[in-house]
Amino acid sequence: MQIPTKYNPKETENKWYQYWMEHGFFKSVPDGREPYTIVIPPPNVTGVLHMGHMLNNTIQDVLIRRARMQGKNACWVPGTDHASIATEAKVVAMLKERGIAKKDLTRAEFLDYAWEWKEKYGGIILEQLKKLGASCDWDRTRFTMDPEMSEGVIDTFIHLYKKGWIYRGVRMVNWDPQGKTAVSDEEVIRKEVNQKLYYISYEVVESESQKDGKTESQKDAATESELSDFRTSQLPDFLTVATTRPETIMADAAICINPNDERYASFIGKKVVIPLINREIPIITDEYVEMEFGTGCLKVTPAHDLNDYNLGLKHHLPVIDILNDDGTLNEKAEILVGKDRFTARKEIAKVLEEAGALEKVEEYKSQIGFSERTDAVIEPKLSMQWFCKMEEMAGPALDCVLNGEVKLIPDKFINTYKYWMENVKDWCISRQLWWGQQIPAWYLPNGQFVVAKTREEALEEVRKLGSREDRKTERPEGWKADSPLSDFPTFGLSDLTQDEDVVDTWFSSWLWPISVFDSQFFSGKNSMGNADLQYYYPTNDLVTAPEILFFWVARMIMAGYEFKHEAPFKNVYLTGIVRDKLGRKMSKSLGNSPDPLDLIEKYGADGVRVGMLFSSPAGNDLMFDESHCEQGRNFANKIWNAFRLVKGWEVDAQLSNPNQTAIAWFQSRFNQALTEIDENFKQYRLSEALITTYKLVWDDFCAWYLEMVKPVYQQPIDASTYKATVGFFENILKIVHPFMPFLTEELWHDELFGERAELDCCIVAQQPKIGEINLKLLNEISTIKEVVSEIRNTRNVKQISPKEALPLAIKSNFEIYYPTYVPILSKLGNLSEVTFIQDKLAGAANFIAGTDEFFIELSNQIDAAAERERIQKELAYLQGFLKSVTSKLSNERFVQNAKAEIVANEQQKKADAEAKIKMLEEGLAGLV
RNA sequence: GGGAGAUUAGCUCAGCUGGUUCAGAGCAUCUGCCUUACAAGCAGAGGGUCACUGGUUCGAACCCAGUAUCUCCCACCA
C-alpha cells in the first residue's frame with residue numbers, strides 16, 4: 001500500500017489553507033442567510049502568539065466552522081490592537097538600541113518610527129493564526145489605528161464630550177513611571193510582595209501657638225542656642241511611624257493619629273520635625289487611622305498616596321510632590337535629588353539610621369500595584385487627566401447581563417460583573433503617549449480649550465465660544481465681550497494647540513464590534529449604519545479571557561448600547577487561563593510557555609487544536625499538558641488509518657451484505673452521538689462535544705464498527721456495506737471538521753468519496769441531520785460487546801492466542817435473539833462455532849453476560865480451584881448487591897416515595913441478581 | 001477585609017434533574033500481543049472512604065450547614 005501509515009500534517013496544512021483562501025471560503029458578504037458573526041479579540045499588533053491565543057482562537061474557529069457547516073453565513077473578523085503603552089514601550093526600546101532617545105524626536109518623527117515598526121512586526125500574529133487554521137475573513141482585517149477606525153474614536157470622544165460625559169480634571173491617578181503615563185484602575189495589577197516596614201521617629205516640638213507666648217517674629221529672632229535650650233529643657237518626645245515608603249518623608253504634610261488613641265492624646269496640636277530635612281509638620285487626628293496598625297501613627301503624604309491625598313483634602317494639607325515623571329526624586333525632596341525612588345528608599349534608610357531616626361525595620365508583606373503593560377510599580381500621582389463618566393453607561397450594560405440578553409458563559413461571572421458595574425468609577429482615558437489617537441482638544445493661548453475633530457472645526461468652536469451669550473467659561477485673553485473672532489485678525493489656526501495626550505487603547509477597542517463593520521458610523525451621519533453593520537450586528541459569540549471582562553467586554557457592551565442601542569453580542573464565552581503543570585500562568589517572563597508554532601510543528605495544527613480543547617471547559621483554567629496534543633495527534637492518525645483501511649477495500653458487486661445489523665447499529669449510534677454533540681454545543685461544552693466525537697470515532701467506528709464489517713484480509717467487500725461505510729466516514733469527517741479542519745479536508749477530497757463537484761469542500765459541507773435511534777438495537781449490541789469482551793478476557797486469562805478460534809455455547813433465555821448476532825460474535829471473538837444449549841457445559845470456561853450464560857470449551861483443562869475462587873468472589877459481590885437491593889425494596893417508604901420506574905428498576909435488578917446467583921451456584925456445584 | 005469557584009484514580013479532568021448509562025475518560029502503570037488500517041496501535045488488568053464533619057432524604061459525589069486546603073476577582077490598612 002502506498003499510503004503511509006502515519007498522517008503527515010505538513011503535507012496538507014499549507015495546501016488546504018491556501019486552497020480555502022484562494023477560493024474565498026472564509027469570505028463573508030451579507031446575503032439572505034442567517035449571519036453568524038464573531039469579532040476576534042484583537043491581539044497586540046506587535047505581539048506573538050501565545051498559548052492563551054491558541055486556546056481562544058481554536059474555540060472561535062471551532063464555533064465559526066461549525067456555524068458555516070450549519071448553513072449560516074459565518075463571518076469571523078480578524079484584526080489587531082495598537083496597544084499604545086506596550087507598543088510605544090517597544091518602539092522606545094528599539095530606538096534606544098539604535099541610539100535614539102524619544103525626547104530628541106518630534107511627535108511626527110516618533111510616529112514615523114512607530115508605524116515603520118508596526119509595518120514590520122504588525123500582523124506576525126495574524127500569520128501565526130493562519131497556521132492554526134483560523135478561518136477568518138482576512139479581507140476584513142482591521143487595525144484599531146487604521147485612519148478610519150481612529151476617526152471613529154475621535155467621533156465618539158466628541159460625542160461623549162458634548163454629552164458632558166467626558167471631562168478634564170486634576171485627580172489622583174495611577175502613574176506608570178516607566179511608560180511615563182497615567183493608566184486606568186483596571187490596568188493596575190496588584191501583587192503581594194515582600195517589603196520592609198520602616199519605623200521612623202519624628203521629634204515632637206511645640207507648635208508656635210503653644211510656645212510660651214512667643215510670636216512668630218520672636219521665634220525668628222530667637223537664637224539657635226535659645227531654641228536648643230528650649231528643646232532640651234522639654235525633654236524631647238518622639239513619634240514613631242511605620243511606613244513602607246521612607247523615601248517619601250520629605251513629602252510629608254502631617255502626622256495623623258486616631259483621636260481616640262490615648263497613647264498620643266498629649267501630642268495633639270503639637271508638631272513634629274521631619275528627620276533629615278527638619279521641616280515642621282502638624283500632628284492631626286482622624287479616625288481613619290487604625291490604632292492597631294504599626295505604631296498607630298500615620299505619616300500623611302498627600303502627593304504620593306491616594307488615602308493621604310483624601311486625608312490632605314479633608315485637613316487642608318499642602319501637596320508636596322517630590323517625584324519626577326520617571327520616578328526619580330526632584331528638588332522638592334531637598335535630599336537624594338535625582339535618585340530613583342527605590343534607590344532613594346535604600347539610601348534613606350541608611351541615612352536615617354545614621355541620624356538615629358530609624359527605630360527598627362520589619363519584614364512586611366503587602367499588596368502593591370504594578371502596571372499591567374510595563375510591570376512597573378505604580379506611583380499614585382496627582383495630575384490633570386481626561387475622564388469618562390461611566391455611571392450612565394453602566395446601567396443598560398448591567399441590565400442586559402442580568403436579564404440574560406447577553407449571556408456570560410459560565411454564568412458564575414455574572415456576580416463579579418454586577419459588582420463591578422454597580423461600583424464603576426470614572427475612567428481615566430488620557431495617556432501621556434504618542435502612539436494612539438490624539439485627544440481632539442484644542443487649547444487657546446490662555447489655557448481654555450475646545451473639543452473638535454479638526455483644527456479648522458476647533459477654530460469654529462472657538463468662534464462660537466467667543467460669540468456665545470450663555471458661556472460659562474472665560475474667553476480667550478484679549479477677547480472683548482460679545483465680539484466675533486473676526487475682530488481678532490491675529491488669532492488663527494496656529495494659535496490653537498492640540499492636547500498632547502492620546503486616549504487609552506481600550507477607548508478604541510470598546511468600539512470594535514461596531515467599528516470593524518462601519519467605522520463611519522460614529523460620525524452620526526447614518527444612524528442605521530452601513531449594510532454590513534445592519535447585517536452582522538449584533539454579533540453572536542465573543543470568546544475572550546475573563547481577565548479582560550471589565551477592561552473590554554463590559555465597555556463594549558456600554559458602547560454597544562450608547563452608540564448602537566443594542567448589545568454587541570449575545571454570548572460571551574470566557575475561556576480559562578492557560579497554566580503550566582505547576583499551575584503557574586504561562587508567560588513569556590517565566591519562560592514556561594511552549595512556543596505554539598513549535599507545537600504545531602510537532603503535533604500538527606489539528607493535534608494542537610484537539611489538545612487545547614481536550615480539557616478546557618469554559619471559565620476553568622487549563623493546566624496545559626503537551627500529552628494532550630499528543631493525544632490529538634494520535635487521534636488524527638487514527639482517523640487516517642481508518643481511512644487507509646476503507647481505502648484498501650475492493651468491492652465485489654456479487655456479494656450480498658452480511659453486515660446489516662452492524663450498519664443499522666452504527667447508524668443509531670451515530671445519531672445518538674450527534675444528539676449529544678448538538679446538546680454540548682448548545683451549552684458551549686466544547687470539550688464535551690470533542691470527547692463525544694472522539695469516542696464515537698475511536699471506539700464506536702474504529703474499534704467496533706470497522707472490526708464488525710471489515711472483510712478477511714484480501715477478501716473483497718460487498719457493495720452495500722462499502723457504500724454505507726463510506727457514507728459513515730463522510731459524516732464523521734463532517735463532525736470532526738470543526739475540530740480538525742486540515743485532516744478532514746484532506747480526506748474529503750479522496751476519490752474514496754467519489755467525484756467531488758468543484759468547490760465541494762468539507763469546510764462548507766453541511767452537518768449531518770439527526771436520524772432515528774434504535775434503542776433496542778443499541779442495548780443489545782452493548783450486551784454483545786460485553787460478550788465479546790468476556791471472550792477476549794477469557795483468552796487473556798487462559799493465555800490463549802487470539803488466533804486460535806474457540807467454540808462458544810450459549811445458554812440463553814432468548815430475551816436477546818442471539819442468532820442475529822452470531823456473525824458479529826464469531827468475527828470479533830474469533831469463534832470456530834456457536835451453539836445453543838439447554839444445560840450447562842461442565843468443565844468449560846464460562847461467564848455471564850446480560851441474563852445469559854456462555855461456555856467456552858477449552859482444549860486444556862481448566863483450573864478448578866482458580867475457577868471456584870473466581871466464582872465465589874463474584875458470588876460474594878452479587879449477594880451483597882442483592883442484599884442492598886432487597887433491603888431497599890423492603891423499605892416501605894422507598895416503595896411509596898420513589899418514582900414507579902425507579903422501583904421497577906430495582907425489582908429488575910433484584911431479579912437479575914437472583915438469576916445470576918443461581919447460575920453461579922449451579923456452576924460452583926458443577927465443579928468437581 | 002468582601003465575594004466567587006474548586007477539592008473525584010498517580011496526573012489532567014468529566015460526572016448536566018438526587019435513584020440503571022454512577023463512581024467515569026484520557027494520560028501514566030501492569031500483563032499479553034509487531035493479529036495485514038493504525039506500536040502515534042490492539043486486547044485486557046489494577047487503581048477511588050468522591051477533602052473532612054454533620055444535616056436533609058426512603059436514597060447523597062450531587063442538596064444544606066460548618067471545617068480545612070487551594071485558586072481567582074474585588075478592596076486605600078500605612
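These numbers come from the heavy atoms of this one structure, side chains and all, not from hydrogens, waters or symmetry mates. Throughout, a chain's letter reflects where its sequence line sits, starting with A, and its residues are numbered from 1.
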Can you tell me how far [atom1] in [N] sits from the matching atom in [M], rounded to whole Å?
{"N": "B/rG1", "M": "B/rU67", "atom1": "P", "result": "14 Å"}
{"N": "B/rG47", "M": "B/rA23", "atom1": "C1'", "result": "13 Å"}
{"N": "B/rA78", "M": "B/rA4", "atom1": "C1'", "result": "29 Å"}
{"N": "B/rU17", "M": "B/rC22", "atom1": "C1'", "result": "15 Å"}

(message) If you count every heavy atom of other residues, nucleotides or ligands that lies below 6.0 Å from A/Lys407 atom NZ, does the total exceed 12?
(response)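 Not buried by this count: 12 neighbours or fewer within 6.0 Å.
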(request) Answer yes or no: are there more than 12 heavy-atom neighbours, outside A/Glu892 itself, under 6.0 Å from its atom CD? (result)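 Atom CD in A/Glu892 is not crowded, with 12 or fewer foreign heavy atoms closer than 6.0 Å.
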(request) Could you give me the stems involving RNA chain B, meaning stretches of three or more consecutive Watson-Crick or G-U wobble pairs whose two defining distances are both below 3.5 Å? (result)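 Listed by first number, the stems are B:1-7 with B:68-74, B:10-13 with B:24-27, B:29-33 with B:41-45, B:51-55 with B:63-67.
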Protein-nucleotides 26-31 of chain B N/O pairs closer than 3.5 Å?
residue : atom : partner  : partner atom : Å
B/rG26  : O2'  : A/Gln631 : OE1          : 2.5
B/rG26  : O2'  : A/Gln631 : NE2          : 2.9

(message) Ignoring hydrogens, what is the shortest heavy-atom contact between A/Asn637 and A/Thr5? Give both atom names and the distance.
(response)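 Distance-wise, the nearest heavy atoms are OD1-O, 3.7 Å.
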(request) Considering non-hydrogen atoms only, spot the tightest contact between A/Ala554 and A/Phe550 and give its length. (result)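 The pair with the smallest heavy-atom distance is CB-O, 3.9 Å.
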(request) Let me have a per-nucleotide readout for nucleotides 71-78 of chain B, 5' to 3', with B, S or -, counting only protein heavy atoms under 4.0 Å. (result) -SSSBBBB
Gap between atoms [atom1] and [atom2], on [X] and [N] respectively (whole Å):
{"X": "A/Lys638", "N": "B/rA39", "atom1": "NZ", "atom2": "C1'", "result": "11 Å"}
{"X": "A/Asn415", "N": "B/rG2", "atom1": "CG", "atom2": "P", "result": "16 Å"}
{"X": "A/Lys827", "N": "B/rA43", "atom1": "NZ", "atom2": "P", "result": "15 Å"}
{"X": "A/Leu408", "N": "B/rA4", "atom1": "CG", "atom2": "P", "result": "16 Å"}
{"X": "A/Gln907", "N": "B/rG19", "atom1": "CD", "atom2": "C1'", "result": "14 Å"}
{"X": "A/Met708", "N": "B/rA37", "atom1": "CE", "atom2": "C1'", "result": "17 Å"}

Salt bridge between [X] and [Y], side-chain N to carboxylate O under 4.0 Å?
{"X": "A/Arg792", "Y": "A/Glu790", "answer": "no"}
{"X": "A/Asp700", "Y": "A/Lys785", "answer": "yes"}
{"X": "A/Arg795", "Y": "A/Glu804", "answer": "no"}
{"X": "A/Glu379", "Y": "A/Arg341", "answer": "yes"}
{"X": "A/Lys196", "Y": "A/Glu363", "answer": "yes"}

Strictly under 3.5 Å: I want the nitrogen or oxygen pairs between protein and nucleotides 58-64 of chain B, one per line.
residue : atom : partner  : partner atom : Å
B/rC58  : O2'  : A/Asn891 : ND2          : 2.8

Side-chain donor-acceptor pairs of residues 408-422 of chain A under 3.5 Å, sequence neighbours excluded:
residue  : atom : partner  : partner atom : Å
A/Lys412 : NZ   : A/Gly619 : O            : 3.4
A/Thr416 : OG1  : A/Phe413 : O            : 3.0
A/Tyr417 : OH   : A/Ala397 : O            : 2.8

(request) Would you please classify the geometry between the A/Phe729 ring and the A/Phe701 ring as parallel, tilted or perpendicular, with 30° and 60° separating the classes? (result)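 Answer is perpendicular, since the angle exceeds 60°.
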Mind checking if [X] touches a base, just sugar-phosphate, or nothing, with heavy atoms under 4.0 Å?
{"X": "A/Ser801", "answer": "nothing"}
{"X": "A/Lys6", "answer": "base"}
{"X": "A/Ile691", "answer": "nothing"}
{"X": "A/Arg792", "answer": "sugar-phosphate"}
{"X": "A/Cys702", "answer": "base"}
{"X": "A/Trp649", "answer": "nothing"}

Compile the donor-acceptor pairs under 3.5 Å between side chains in residues 689-699 of chain A and protein atoms, sequence neighbours left out, one pair per line.
residue  : atom : partner  : partner atom : Å
A/Thr692 : OG1  : A/Asn680 : ND2          : 3.3
A/Thr692 : OG1  : A/Glu688 : O            : 2.7
A/Thr693 : OG1  : A/Ala689 : O            : 2.6
A/Tyr694 : OH   : A/Gln631 : NE2          : 3.4

(message) Heavy-atom nearest nucleotide on RNA chain B for A/Glu679 versus A/Asn793: which residue maps closer to 5'?
(response)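 The residue closer to the strand's 5' end, by nearest nucleotide, is A/Glu679.
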(request) Run through A/Gln908, A/Lys909, A/Lys910 and flag the one making a side chain to side chain donor-acceptor pair (under 3.5 Å) with A/Asp912. (result)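 One option only clears the test, and that one is A/Gln908.
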(message) Between A/Glu187 and A/Ser184, do the side chains contain a donor N or O and an acceptor N or O under 3.5 Å apart?
(response)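 A pair is found: one side chain offers a donor N or O, the other an acceptor, under 3.5 Å apart.
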(request) Going by the ring pair (Phe, Tyr, Trp, His ring centres under 6.0 Å) test, name the single residue among A/Trp640, A/Phe643, A/Phe742 that passes it with A/Tyr7. (result)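 Only one of A/Trp640, A/Phe643, A/Phe742 forms a ring pair (Phe, Tyr, Trp, His ring centres under 6.0 Å) with A/Tyr7, namely A/Trp640.
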(request) Kindly say whether, by distance alone, the side chain of A/Glu707 makes a donor-acceptor pair under 3.5 Å with the base of B/rA43? (result)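 Such a pair does not exist between side chain and base.
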